[in-house]
Amino acid sequence: MKFSKSYIPTMKEVPSDAIIPSHILMLRSGMVRMLSAGIYSFLPLGYKMIKKITTIIREEMDEIGGQEFHLPALNPREIWEQTGRVEAFGDTMFHVKNRDYVLAPTHEEIMTYHAKGNIKSYKEMPQIWYQIQTKFRNEARPRSGIIRGRQFLMKDAYSFDSSFEELDKSYDLHYNAYRKIFDRCGIKYFVVGASSGAMGGNKSEEFMVKSDAGEDTVAYCEHCGYAANIEVATSNIEAVKRYDESKEIYEISTPNIKSIDELCEFLGINERETAKSRIYIFEEKPVLVLMSGNDEVNETKLENALGGAVRPAHPEELKEISGADAGSIGPIGFGHRIIADLRLKDGNNLYSGANKNDYHIGGIDLKRDLPDLEYFDLRTVEKGEKCTRCGEELDVFKAIELGHIFKLGTKYTEALGATFLNENGKENPIVMGSYGIGVERVLACYVEQNFDEKGIVWDEHLRPFDVHLLGLNMKKESVIKASEEIYSKLNEAGYDVLFDDRNSVQAGVKFNDADLIGVPVQLIVGERGLKENKVEIKIRKTGERFNVELDNILEEVKKLVK
RNA sequence: CGGGGCGUAGCGUAGUCCGGUUAGCGCGCCUGCUUUGGGAGCAGGAGGUCGCAGGUUCGAAUCCUGCCGCCCCGACCA
């Protein structure tokens, strides 16, 4: 493709709105432009990359027997009401104003709708149906360029099986296909166990990329490879002690002592001798959650333990519930449900709030004083704690979710009545799996992992062109002739070449645009080299340059472009 | 949705506190000549509802009120 005829609007300056490298570079290299918050137009260069990625995805999905659909983005609201997800998505779902339609944020309902009544026998399964479609979500705060938008391209696949054992097989097929897809894209990723959240179902895993721009937090063990979303991660930690002798309960005046740290300093004790109280509202009733010291409540774990959504109590509710404000709340004399983190199990001689401002209680024995206390794993894992598998230290960092695979089960097929007859002629709900990939995120993550101060650095996995040919001074007959010849020769040999044939810009502009766009191999045709019948080759990644004979170019390109 | 910041030509910005020439600069763009291996030089030129709407004032980019948009932090998030 000739640069002079292309629309590749590169930018020298950094747009002030962009912060993260992938966003800056995708704007600067002319791949995307923002239309509105979280809404991006893909320009030819960016869309070309999207097409390359979706080609890889299609090939691997087809390889496991996937069949591609193209479903409507505009959906009747009624179908979504049948599964309760209009409410579940809430404000995140876009509603059409002048008709009872919604803009689909995902497609479980619609795929299930098509399965219903059409997959009638166990003999017709397994089925794997997928599509690559724009999804719409009314994100409260779009961010990080293309990584979290209000509309985004997703590959979503759904498996339909006659049993949970069969679902396991479909799930494994997807797991392996996803590994191939991300490997072929050259992305450095890892897989974590995850919470399935509002999607329903049980087992789920996420394909993650480590990045400060990420919105998920994961715990990762370098040593054994253990990886889990912080929402479900566990670690080996020291439990609180149980002393041989339990003290009696006694009240302590603790004026203006609010935090655990202040309490520890005031009393000269260790944080493991304290129990922190947090009040949550579950099913409109308060629940006191008791944690050891400064341990953080993990709300996902809490919701799993209680079996439903929770919210922290508002500060103004606390006094009415407990009799005290935050900082003085505790389990003794608390008139509502109390649950505790496992770390506190059977602890004694503990200090906690007295449910009276400026007072704490010491000598608490959880076994003696709260005999009915329920214990759950409720704490959030922290960096440096020991891995449950190998005992080495865990790292905790931010990551971008690229893909997510779920064993959904029968949530949607039951709600929509998608059933089949099994070997015994008995009616059963179809067992589903759901598998997503954020297509633009693959692109953004690739860029996040492959750039330098000059621009993007594509490699053999992903690249917009095979070769970037620069005709430096396109007013000189010798340069025009030589570069046009090379261009034709490479095209005939089947290479995808970006030919910078502009005669309006300086050589420096071409060099910088080439480095910014980041095609792996640059062929530089200038008068200087042509005097010796030579052309310069530059390897974008290493910056290495060398001259080759004009006649040997094709062979050199064959060696360099895989 | 809460907190903070910002909105001036395609991009980056000065001017705003303290109202007063024709709103300035760099990049980019157009024309001509020169230049041509790492973002050129000279000359000429086009391009602005100063986010929008009200208000105050002889006079508003500047002050006041309301709204809209964008970025960052938080909440939320399959």
Side-chain angles (χ1 to χ4, degrees), chain A residues 9-20 23-24 27-28 30 33-39 83 85 88-93 104-109 135-145 147-150 152 154 156 158 194-201 204 206 213-217 229 231 299-300 309 311-312 314 401-406 408 411-412 434-438 441 454-455 470-476 478-480 500 502-516 522-531 534-536 538 543 545 547:
Chain A
T10 58
M11 288 191 277
K12 191 156 96 178
E13 284 170 291
V14 179
S16 58
D17 284 351
I19 308 290
I20 66 166
H23 191 195
I24 292 170
L27 286 168
R28 287 192 55 214
R33 286 291 185 269
M34 188 179 80
L35 183 63
S36 177
I39 304 177
T83 56
R85 291 175 103 200
F89 271 103
D91 197 44
T92 303
M93 182 178 258
T106 172
H107 278 88
E108 280 79 8
E109 276 78 356
K135 311 289 176 189
F136 299 86
R137 292 186 194 178
N138 185 23
E139 298 294 349
R141 178 151 94 87
R143 66 185 90 179
S144 305
I147 288 172
R148 186 179 194 77
R150 292 213 169 105
F152 57 97
M154 176 157 125
D156 48 323
Y158 308 87
S195 161
S196 45
M199 289 294 287
S204 92
E206 290 171 319
E215 298 173 286
D216 289 273
T217 306
N229 194 300
E231 292 176 343
E299 293 186 7
T300 306
R311 66 165 175 87
H314 303 305
E401 178 188 347
L402 271 189
H404 202 159
I405 56 178
F406 296 87
L408 273 186
K411 175 178 162 138
Y412 298 97
S434 159
Y435 317 90
I437 293 178
R441 284 186 179 184
K454 301 288 277 181
L470 324 206
L472 291 190
N473 183 353
M474 291 301 282
K475 282 175 181 159
K476 293 285 183 218
S478 61
V479 177
I480 296 173
D500 196 340
R502 291 175 292 178
N503 61 14
S504 54
V505 297
Q506 296 273 122
V509 175
K510 297 191 178 190
F511 286 127
N512 283 302
D513 274 349
D515 289 345
L516 175 60
Q522 297 175 12
L523 296 185
I524 300 157
V525 181
E527 278 189 295
R528 202 172 74 187
L530 287 177
K531 280 180 193 150
K534 283 185 174 165
V535 169
E536 184 173 294
K538 177 178 163 184
R545 310 139 165 274
N547 288 316

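Convention: sequence-line order gives letters A, B, ...; per-chain numbering from 1.
Using a distance-only test at 3.5 Å, with no hydrogens or angles considered, no donor-acceptor pair links the side chain of A/Arg137 to the main chain of A/Thr92. Listed for the A/Lys510 side chain is a donor-acceptor partner under 3.5 Å among the backbone atoms of A/Gly471. A distance-only check finds a donor-acceptor pair linking the side chain of A/Arg441 to the backbone of A/Glu401 [under 3.5 Å].
Contact annotation for A/Gly436: no contact, since no heavy-atom pair falls under 4.0 Å across all strands. Within the nucleic acid shown, A/Glu401 has no heavy atom closer than 4.0 Å to any nucleic acid atom. Heavy atoms of A/Gln522 sit nowhere under 4.0 angstrom from any nucleic acid atom. Counting non-hydrogen atoms under 4.0 angstrom, A/Leu470 reaches nothing in the nucleic acid. Residue contacts shown for A/Phe152 include a base, since a base heavy atom lies under 4.0 Å away.
Listed candidates were B/rG39, B/rC71, B/rC70. Nearest to the side chain of A/Asp513 is B/rG39.
Between A/Glu108 and A/Arg85 there is a salt bridge, with a side-chain nitrogen of the basic residue lying less than 4.0 Å from a carboxylate oxygen of the acidic one.
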Q: List the protein contact pattern of nucleotides 41-48 of chain B with one symbol per nucleotide (5' to 3'): B for base contact, S for sugar-phosphate-only contact, - for none; contact means a heavy-atom distance under 4.0 Å.
A: --------

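Side-chain nitrogen and oxygen atoms of A/Gln506 include at least one within less than 4.0 Å of the OP1 or OP2 phosphate oxygen of B/rA40. At the phosphate of B/rC73, OP1 or OP2 sits under 4.0 Å from a side-chain N or O atom of A/Arg141.
One can place CD1 of A/Ile19 at 19 Å from P of B/rG4, the figure rounded to the nearest angstrom. One interatomic measurement links the two molecules: CG of A/Leu516 to C1' of B/rG28, which rounds to 15 Å at whole-angstrom precision.
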Which atoms of nucleotides 7-15 of chain B (N or O only) lie under 3.5 Å from a protein N or O atom, and what are those distances?
unit_1 : atom_1 : unit_2  : atom_2 : d
B/rC11 : O2     : A/Glu13 : OE1    : 3.0
B/rG12 : OP1    : A/Ser16 : N      : 2.9
B/rG12 : OP1    : A/Ser16 : OG     : 3.3

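Pair check for B/rA40 finds B/rU34; Watson-Crick or G-U wobble, both atom distances under 3.5 Å. Base pairing analysis places B/rA9 opposite nothing; no Watson-Crick or G-U wobble pair with both distances below 3.5 Å involves it.
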